[in-house]
Asker: 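Pasting a structure below so you can have a look.
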Number of protein chains: 2
Amino acid sequence: MSDPPGLSVLLGFQFAKCGSWLEQRLADGLAPHGLKVRHFLVLAMLGEAATLSQQQMATYLSLDPTLMVALIDDLERQRLVERTRDPADRRRYAIRITAKGRQSLAKARTVADAVGDEVFAPLDRAERRQLADMLGRVMAAYWDGRQSGSIGTARP
Amino acid sequence: MSDPPGLSVLLGFQFAKCGSWLEQRLADGLAPHGLKVRHFLVLAMLGEAATLSQQQMATYLSLDPTLMVALIDDLERQRLVERTRDPADRRRYAIRITAKGRQSLAKARTVADAVGDEVFAPLDRAERRQLADMLGRVMAAYWDGRQSGSIGTARP
DNA sequence: TATTGTTATACTCTATAACTATA
DNA sequence: TATAGTTATAGAGTATAACAATA
């Protein structure tokens with residue numbers, strides 16, 4: 001199970017390196033829109049789930065729940081997101097994306113696609129799909145290992 | 001060039017997620033050996049380059065040079081690494097891995113391989129090689145974009 | 001004048017503990 | 001009693017600026 005010695009080391013290092021490259025380029029691209037990567041991820045989640053609580057989003061992003069407060073504050077201040085109390089459980093908020101939020105999300109997606117095209121330029125379309133497939137399987141195992149259910153209809 | 005909409009977003013997110021998973025598991029595995037991931041990466045570089053300066057390593061790891069000071073201090077204190085002045089340029093140190101350092105490196109590699117086997121369990125050997133190949137091409141483009149030459153004989 | 005390594009300091013990011021309001 | 005959200009505070013990690021030695 002061990003191929004050339006050091007494959008895992010190299011693979012892991014390149015993984016981290018490529019990941020931080022992606023994140024940095026995305027951060028650069030989103031900055032002019034007044035968004036950080038996390039804001040974008042929150043919007044992306046809310047773009048597919050109608051309504052989510054802060055805890056749900058914190059869990060999925062592996063973020064401390066206290067960090068969600070300022071994060072949602074930011075988005076609410078920009079009117080990209082709304083806080084309404086969940087009638088079923090008045091302790092939680094039912095966070096919802098606004099129409100303006102969807103517009104920002106669309107722009108941010110364009111940025112993200114451009115960054116992806118730049119970083120993954122050496123790979124053709126078939127390879128990118130294959131990469132996404134492999135990563136999907138790896139991360140499915142991760143989520144299963146956490147025994148955590150999906151959010152909404154699917155894992156964003 | 002844009003496949004299913006949002007592919008880049010998902011790909012990027014899973015990339016970051018998988019990368020931090022790898023890093024966390026590696027950190028857990030190395031902790032009992034008194035090493036952090038960065039110590040390991042430094043040892044891995046020195047395991048293939050005979051001698052490197054602090055600046056060279058900082059550049060390759062995309063780390064602030066000031067952070068290398070304490071990092072090398074740690075490794076030197078454990079006698080895993082030696083600082084000797086570079087005779088060719090007495091401003092720099094020629095950092096060299098020790099015999100004890102090679103032993104630690106070997107153990108750390110075992111840990112890293114185990115972590116890799118765990119995280120990439122859903123992928124068979126051919127897929128892992130393919131993943132490594134694709135990542136290698138992507139990161140080669142990254143380094144070329146930086147116009148930075150290789151360190152020693154190869155990019156670790 | 002520029003570069004390597006060093007130190008001290010300031011800054012950013014994150015987690016912890018304590019609180020409220022609901023359940 | 002436990003959970004969602006909030007606040008203030010402490011801690012870790014990182015970068016910045018100024019310095020000494022060498023080029």
Side-chain angles (χ1 to χ4, degrees), chain A residues 16-17 19-21 23-24 26-28 30-31 35-42 45-46 49 51-77 81-96 148-149 151-152, chain B residues 16-17 19-21 23-24 26-28 30-31 34-42 45-46 49 51-77 81-96 148-149 151:
Chain A
K17 207 74 174 163
S20 62
W21 182 22
E23 189 163 358
Q24 187 54 57
L26 183 57
D28 294 343
L30 292 178
L35 295 176
K36 303 209 170 187
V37 175
R38 289 176 178 185
H39 296 128
F40 169 51
L41 292 174
V42 166
M45 276 192 287
L46 292 173
T51 209
L52 290 171
S53 74
Q54 296 183 188
Q55 296 271 352
Q56 283 177 303
M57 294 190 277
T59 299
Y60 187 69
L61 295 179
S62 301
L63 238 49
D64 191 284
T66 61
L67 297 175
M68 290 301 300
V69 180
L71 209 49
I72 301 299
D73 283 350
D74 294 338
L75 294 171
E76 200 180 31
R77 202 174 305 117
V81 141
E82 281 174 348
R83 267 198 257 241
T84 56
R85 283 288 170 187
D86 183 342
D89 184 343
R90 291 179 44 72
R91 288 175 303 184
R92 7 183 133 176
Y93 285 124
I95 314 284
R96 185 192 316 275
S148 110
I151 291 180
Chain B
K17 207 69 175 167
S20 62
W21 182 22
E23 189 162 359
Q24 187 54 56
L26 184 57
D28 294 344
L30 291 178
L35 295 176
K36 304 208 169 190
V37 175
R38 288 174 178 186
H39 296 127
F40 170 51
L41 292 174
V42 166
M45 276 191 288
L46 291 172
T51 210
L52 290 172
S53 74
Q54 296 182 189
Q55 296 270 352
Q56 282 177 303
M57 295 190 276
T59 299
Y60 187 68
L61 296 180
S62 302
L63 238 49
D64 192 285
T66 60
L67 298 176
M68 291 300 302
V69 179
L71 208 50
I72 301 299
D73 283 349
D74 294 338
L75 293 170
E76 198 180 34
R77 204 175 304 117
V81 141
E82 280 175 349
R83 267 182 175 118
T84 55
R85 284 288 170 188
D86 183 342
D89 184 342
R90 290 180 43 72
R91 288 174 303 183
R92 12 182 128 177
Y93 284 124
I95 314 284
R96 185 190 317 273
S148 111
I151 291 179

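Lettering of chains follows the sequences in order, A, B, ..., and the numbering in each one begins at 1.
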Asker: I need the CD1-P distance between A:I72 and D:dA4, as an integer number of Å.
Answerer: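 Atom-to-atom, A:I72 to D:dA4, this comes out as 15 Å.
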Asker: Does a side-chain heavy-atom distance below 4.5 Å link A:M45 with A:L52?
Answerer: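 Sidechains of A:L52 and A:M45: in contact.
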Asker: Nearest 0.5 angstrom please: B:D86 CG to B:T84 OG1, how far?
Answerer: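 Rounded to the nearest 0.5 Å, the CG-OG1 separation comes out at 7.5 Å.
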Asker: State which residue, out of A:L75, A:V81, A:D74, fulfils the side chain to side chain contact (heavy atoms under 4.5 Å, CB included) condition with A:R77.
Answerer: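 The residue from A:L75, A:V81, A:D74 that satisfies side chain to side chain contact (heavy atoms under 4.5 Å, CB included) with A:R77 turns out to be A:D74.
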Asker: Nearest 0.5 angstrom please: B:L63 CG to B:Q55 CD, how far?
Answerer: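 Rounded to the nearest 0.5 Å, the CG-CD separation comes out at 11.5 Å.
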Asker: Let me know the distance between CE of A:M68 and P of C:dT16, rounded to the nearest Å.
Answerer: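 Between P of C:dT16 and CE of A:M68: 18 Å.
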Asker: Can you tell me if A:Q56 touches the phosphate of D:dA4, counting only side-chain N or O atoms and a distance under 4.0 Å to OP1 or OP2?
Answerer: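 Indeed not, no polar side-chain atom of A:Q56 lies that close.
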Asker: Between protein and nucleotides 20-23 of chain C, what N or O pairs are separated by less than 3.5 Å?
Answerer:
from: C:dA23; atom 1: OP1; to: A:R90; atom 2: N; distance (Å): 3.0

Asker: Within the sub-3.5 Å range, which N or O atoms of nucleotides 12-14 of chain D have a protein N or O partner, and how far apart are they?
Answerer:
from: D:dT14; atom 1: OP1; to: B:R38; atom 2: NH2; distance (Å): 2.7
from: D:dT14; atom 1: OP2; to: B:R38; atom 2: NH1; distance (Å): 3.0
from: D:dT14; atom 1: OP2; to: B:R38; atom 2: NH2; distance (Å): 3.3

Asker: Take the protein atom CG of B:L71 and the nucleotide atom C1' of C:dT4, then report the distance between them rounded to whole Å.
Answerer: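 From B:L71 CG to C:dT4 C1': 17 Å.
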Asker: For A:Y60 and B:K17, work out which heavy atoms get closest and say how close.
Answerer: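 Shortest heavy-atom contact: O-NZ, 3.1 Å.
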Asker: Report, as yes or no, whether the 6.0 Å neighbourhood of atom CD on A:E76 holds more than 12 heavy atoms from other residues, nucleotides or ligands.
Answerer: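 It does: A:E76 CD has more than 12 such atoms within range.
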Asker: Check B:Q54, B:R83, B:R85 against B:Y93 for a side-chain hydrogen bond (donor to acceptor under 3.5 Å, both in side chains) and give me the one that passes.
Answerer: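 Filter result, single survivor: B:R85.
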Asker: Do B:L71 and B:K36 make a side-chain contact, defined as non-hydrogen atoms from C-beta onward lying under 4.5 Å apart?
Answerer: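 Not touching, per the 4.5 Å side-chain cut-off.
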Asker: Specify the separation, in whole Å, of atom CD of B:E76 and atom C1' of C:dT6.
Answerer: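 Checked: the CD to C1' distance equals 14 Å.
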Asker: Grab the two heavy atoms, one from A:P65 and one from A:A58, that are nearest each other, plus how far apart they are.
Answerer: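 Answer, listing the atom of A:P65 first, then A:A58: CA-CB, 3.9 Å.
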Asker: Extract from the structure each pairing of a protein N or O with an N or O of nucleotides 7-11 of chain C at less than 3.5 Å, listing the distance.
Answerer:
none

Asker: Check every atom of D:dA4, D:dT6, C:dT6 against the side chain of A:Q55 and return the nucleotide holding the closest atom.
Answerer: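 In terms of side-chain proximity for A:Q55, the closest of D:dA4, D:dT6, C:dT6 is D:dA4.
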Asker: Please report the closest heavy-atom contact between A:I95 and A:I72, naming both atoms and the distance.
Answerer: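 Minimum heavy-atom separation between A:I95 and A:I72: CD1-CG2, 4.0 Å.
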Asker: Could you go through the side chain to side chain contact (heavy atoms under 4.5 Å, CB included) check for A:V42 and A:H39 one step at a time?
Answerer: CA-CA 5 Å; A:V42 166; A:H39 296 128; 5.8 Å; no
